[in-house]
Amino acid sequence: MSDQQIPKTFDPADIEGRWYPHWEEKGLFRPERPNADPWTLVNPPPNVTGSLHIGHALDNTLQDVLVRYERLRGKDAKWVVGVDHAGIATQMVVERQLGQKGQKRTDFSREEFVAKVWEWKEESGGQITGQLRRLGCSMDWSNEQFTMDPHFVKAVTKVFVDLHKDGLIYRDKRLVNWDPGLKTAISDLEVEQAEIKGHFWHFRYPLADGATLADGRDYIEVATTRPETMLADMAVAVHPDDERYSSVVGKMVELPITGRRIPVVADEHADPELGSGAVKITPGHDFNDFEVGKRAGIAPADMLNMLDADAHVVQTADGLIPDEFLGLERFSAREAVVAKMKELGFLIPHSVTTKEGETEELDAEPRKIMTPYGDRSNAVIEPWLTDQWYVDAEKLAEAPIAAVKNGDIGIVPETWKKTFFNWMENIQPWCVSRQLWWGHRIPAWYDDNGNAYVAMTEQEASEQAGGVPLTRDEDVLDTWFSSALWPFATQGWPDTDVKGEGRYPNDVLVSGFDILFFWDARMMMMGMHLLGDVPFRDLYLHGLVRAADGQKMSKSKGNTVDPLGLIDMYGADALRFFMTAMESQGRDIKMDEGRIEGYRNFATKLWNAARFAQGYGIGASESVAPPAATTAVNKWIVGETIRTAQALDLAMADYRFDAYAAAIYQFTWNRFCDWYLELIKPVLQEEGHTDAAETKAVAGWVLDQILVMLHPVMPFITEELWHKLGARPYDLIVSKWVSSDSRSLDPEAAAEVDWLIELVTAIRSSRSELNVPAGARLPLYVRDASTETTARLDRNEAALERLARVDGISASPAPEGGSAQIVVGEATFVIPLEGVIDLDAERARLKKNADAAGKEVRALEGRLSNENFLAKAPEAAVEEARQKLADRKAEKQRLDAALERLG
RNA sequence: GGGCGCAUAGCUCAGUGGUAGAGCACUGUGUUGACAUCGCAGGGGUCGGAGGUUCGAACCCUCCUGCGCCCA
């Protein structure tokens, strides 16, 4: 695949198909580098059920840019990759498949079902790993991980046992977020709140034993959005300072329907301003009420429960729910309760005035209510009282909070710190049990009395229990429990000393901000507790990729963009460049196909430049250091290359992906292609030119550096060109980063080429504005030139003639008659245009330039005549202004003189 | 209700104190064989509004308007 002629057309698909297998088969994603500094990045494991979406494309492109950059800089860069077993998602997929055959999970034993999941995983899981390869991601596939691998099971079990031993995992009876659709508990992070149209019903709760309120009423009015829960009400709460109710605190209410006698309690949770000021309390079915209930002295074990796992009504412990309600689904129960309350006369209707001005009575007040939904099932979540395993997140959060505060972990962009602290400082116990079959089974065993024994093995548990018969906990762990171990369990912990190997802490973690709490924070908690150090030095959070109209992409909206389709259309390199160029520290990225197309064009431009170079015998550079350069143009481009490499290093150090992309784009196209290649054409095209050897060496070196610098973003085209340009001792992916030694910068050469570019541009501009035919070659006269300018003209005559279509340069006076006059520096350049020139057009052009200069002169004079500026501004700013004023003033004078000569 | 972010050229976005840039789009034009997926030249912005700090504000502060996200 080396040293061949570069084809005329650039075909990304062909190149991509060849290079990826080459890199992977030769083990170049993780070459042997025994003495190199380790550098480690772990990839957020995609779900085993997942396929590549545009967010993955962004996330993985950024990571690959970092990895390829560090690999080029000589690090022993390791990018850990793998797949997450994704408990709920995967179980759902397999259950859906069974459903198509008319079967369900419970038709099988647990072992049979889990076997089916493994079968599915082997056959169709992990599609995404192939798709990541198409994107060009250089992960260490030889160490591919799965969160259900045996060593992962061992690590997870050990962590559970150890945390339990440390008192950081415990079993507790609390309200959980119960998903009746999936029939499992989920964590608070997996609950999404959505505002929906609902109702607010007002009920009378009669006071018992003849008690009355201060105003004589014999009932308390309560309001609720979930009337069915009254079947399990255990109290009515009023604010302790609310005088309307002070006479009844401690008295009883006799609940309609169940006839349960419940106390009126004083609790600050009741808001006197809201509704009647009294609230019904259902501790077993509401998070706030649970707390009120506990404060009122009701133990969680005594709290009434009225729903089963399917959210159907079941009899409460006191047996007071009438039979007619038992077995009703929760929303039917709601209607039934309202109907019953209305029938019994306890419903307080809501009066509204119609458009016609009439009064109408409704059963309930319409109201927007926040409703919790499960993020996977989309079912309305039910707070439900159960025994579950909890992680003491509050305790584990302490170290990460400190680490972020003292800078041991850097969060980029910093603005996320506040959100991070806000969550970590108000964190709730993390419910980690899931009532699923697919996942890490909780290593807890119970004896007949319900005592739990937590151990690595059943045998150990049995020993703890003194040999009594035990049954294992049916539940599995939250998927995020295992992925929280990702930075070290993937690398062999606890059997391997990942810290000693320099692989922990990882160097950086890249993730979307949407999993900051789900994953990033939990890795910090686990990593810091278990390994005593931060899991990563830096956390880079990027945003979301949005649709072109700014909307969030979603399957249900049908506005998703398939990254593989974009790769087919524009090439993986172009998509990657787009992602890199648009990534400016965490801001969301709006999809813009025009840009992707533009970056495809950029790749084509580079392709053609390389083809041109090859046509003139320019090829693989022989040294990493820049070759010796003597001409100004060669010195200049070497300097520009080095400055670009420095800009790229700076961009990477700050995680400024956009700056990286912009710098290499600008250098390649606007410096190398637009100017350098054009400037050296006279040297290349003249047979036996004295500068030819040097120029070819420099051009080859610069082109190589472009390939190196661009490689992290566009790996495919650069590797292809690398080999096409000559025989290489190694592949580009493992070549060496640019040696950016500032000693190779030459200010004088840079000044000369900058001057040349300014002159060419000025001549082109005036020709264009004066409508000089593009092909016309015209003589150039120069007046007032300094000796330096004269020397520069002499050195650059060939380039000038070519680029500005000049036919000879003369220092003698220009012939009389109409001419274009161009002011550059101290000199004025004259192009006679007798008979061709439109004098009015030239006058207008000169006047436009003179006016622009004049405007700046006035502004600068204004600033410099301000005493405060002179007194308070830094000396450098004043000096700069003075210099600029002098330059612009001189330019204005020359332009005025030119105008005068024109008459 | 609390918090965060955004508002810069027609579009998508850079720009954290010295007088505004890129890509695309637009207009004109095409010269010697790298490239029309291109070259050259050009037009286009009172930097959302108001006030303040400063010699100087797109940039810092306050308020306002509009949009987005997160939490309750």
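Because only heavy atoms are used, hydrogens play no part in the values below, and waters and symmetry mates are left out as well, while side chains stay in. So you know, we letter chains A, B, ... as the sequences are listed, proteins then strands, and number each from 1. The structure presented is a predicted model; accordingly, all values stated were derived computationally and were not measured.
- A salt bridge links D851(A) to K847(A): one of the charged nitrogens lies within less than 4.0 Å of a carboxylate oxygen.
- Across all strands shown, G39(B) pairs with U29(B); the Watson-Crick or G-U wobble distances both stay below 3.5 Å.
- K552(A) places its NZ atom 10 Å from the C1' atom of C70(B), with the value rounded to the nearest Å.
- Note on ring orientation: taking the six-membered ring where Trp is involved, the planes of Y665(A) and Y599(A) are perpendicular (angle over 60°, cut-offs 30° and 60°).
- Pairing for C4(B) goes to G68(B), judged as Watson-Crick or G-U wobble with the two contacts each under 3.5 Å.
- Remark: K681(A) is in phosphate contact with A34(B), judged by side-chain N or O atoms under 4.0 Å from OP1 or OP2.
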Q: Quick one, give me the B/S/- string for nucleotides 6-15 of chain B, reading 5' to 3', where B means a protein heavy atom under 4.0 Å from the base and S means that only happens at the primed atoms, P, OP1 or OP2.
A: SS----BSSS
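- Of the P atoms belonging to A20(B) and A57(B), the separation is 13 Å, rounded to the nearest Å.
- Using a 4.0 Å heavy-atom cutoff across all strands shown, R802(A) reaches at least one base atom of the nucleic acid.
- Summarising the base pairing, G21(B) is matched to C13(B) through a Watson-Crick or G-U wobble pair whose two defining distances lie under 3.5 Å.
- Out of G68(B), G18(B), A34(B), the shortest distance to the side chain of R546(A) is found at G68(B).
- At a cut-off of 3.5 Å, with distance as the only test, no side-chain donor of T644(A) or E640(A) sits close to an acceptor on the other residue.
- A residue-by-residue look at R863(A) and F517(A) shows that R863(A) has its nearest nucleotide of RNA chain B further toward the 5' end.
- Using a 4.0 Å heavy-atom cutoff across all strands shown, R611(A) reaches sugar-phosphate atoms only and no base atom.
- In this structure, a donor-acceptor pair under 3.5 Å is present between the side chains of S187(A) and E190(A).
- Checked by distance alone, R777(A) brings no side-chain donor or acceptor within 3.5 Å of a matching partner on the base of U31(B).
- Judged by the 6.0 Å and 45° rule, R863(A) forms a cation-pi pair with F869(A).
- Looking at heavy-atom distances under 4.0 Å, A873(A) makes contact with a base.
- Between R656(A) and E583(A), no side-chain nitrogen of the basic residue sits less than 4.0 Å from a carboxylate oxygen of the acidic one, so the salt-bridge criterion is not met.
- Residue-level contact check: A609(A) touches the bases, meaning some heavy atom is under 4.0 Å from a base atom.
- Note: CZ (F869(A)) to P (G56(B)) measures 11 Å, nearest angstrom.
- Salt bridge status for K848(A) with E769(A): present, with a side-chain N to carboxylate O gap under 4.0 Å.
- No engagement by N422(A) is indicated, since no non-hydrogen atom pair under 4.0 Å with the nucleic acid exists.
- Using a 4.5 Å cut-off on side-chain heavy atoms (C-beta onward), L885(A) and R858(A) make no contact.
- At the heavy-atom level, K417(A) lies nowhere under 4.0 Å from the strands shown.
- A cation-pi arrangement is absent between K696(A) and Y616(A), since the terminal nitrogen or guanidinium carbon is not both under 6.0 Å from the aromatic centre and inside a 45° cone about the axis.
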(Q) Return a single string for nucleotides 37-45 of chain B, one symbol per nucleotide in 5' to 3' order, where B is base contact, S is sugar-phosphate-only contact and - is none, cutoff 4.0 angstrom on heavy atoms. (A) BSSSSSS--
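- At whole-Å resolution of the value, CG in D807(A) and C1' in U31(B) are 14 Å apart.
- Y373(A) pairs by the ring pair (Phe, Tyr, Trp, His ring centres under 6.0 Å) definition with nothing, not counting sequence neighbours.
- Mapping Q193(A) and K872(A) onto RNA chain B via the closest heavy atom, the residue that lands nearer the 5' end is K872(A).
- Q551(A) comes within 4.0 angstrom of nothing in the nucleic acid, heavy atoms only.
- Distance F420(A) CZ to C69(B) C1': 19 Å, rounded to the nearest Å.
- Between the CZ atom of F612(A) and the C1' atom of U32(B) there is a distance of 12 Å, rounded to whole Å.
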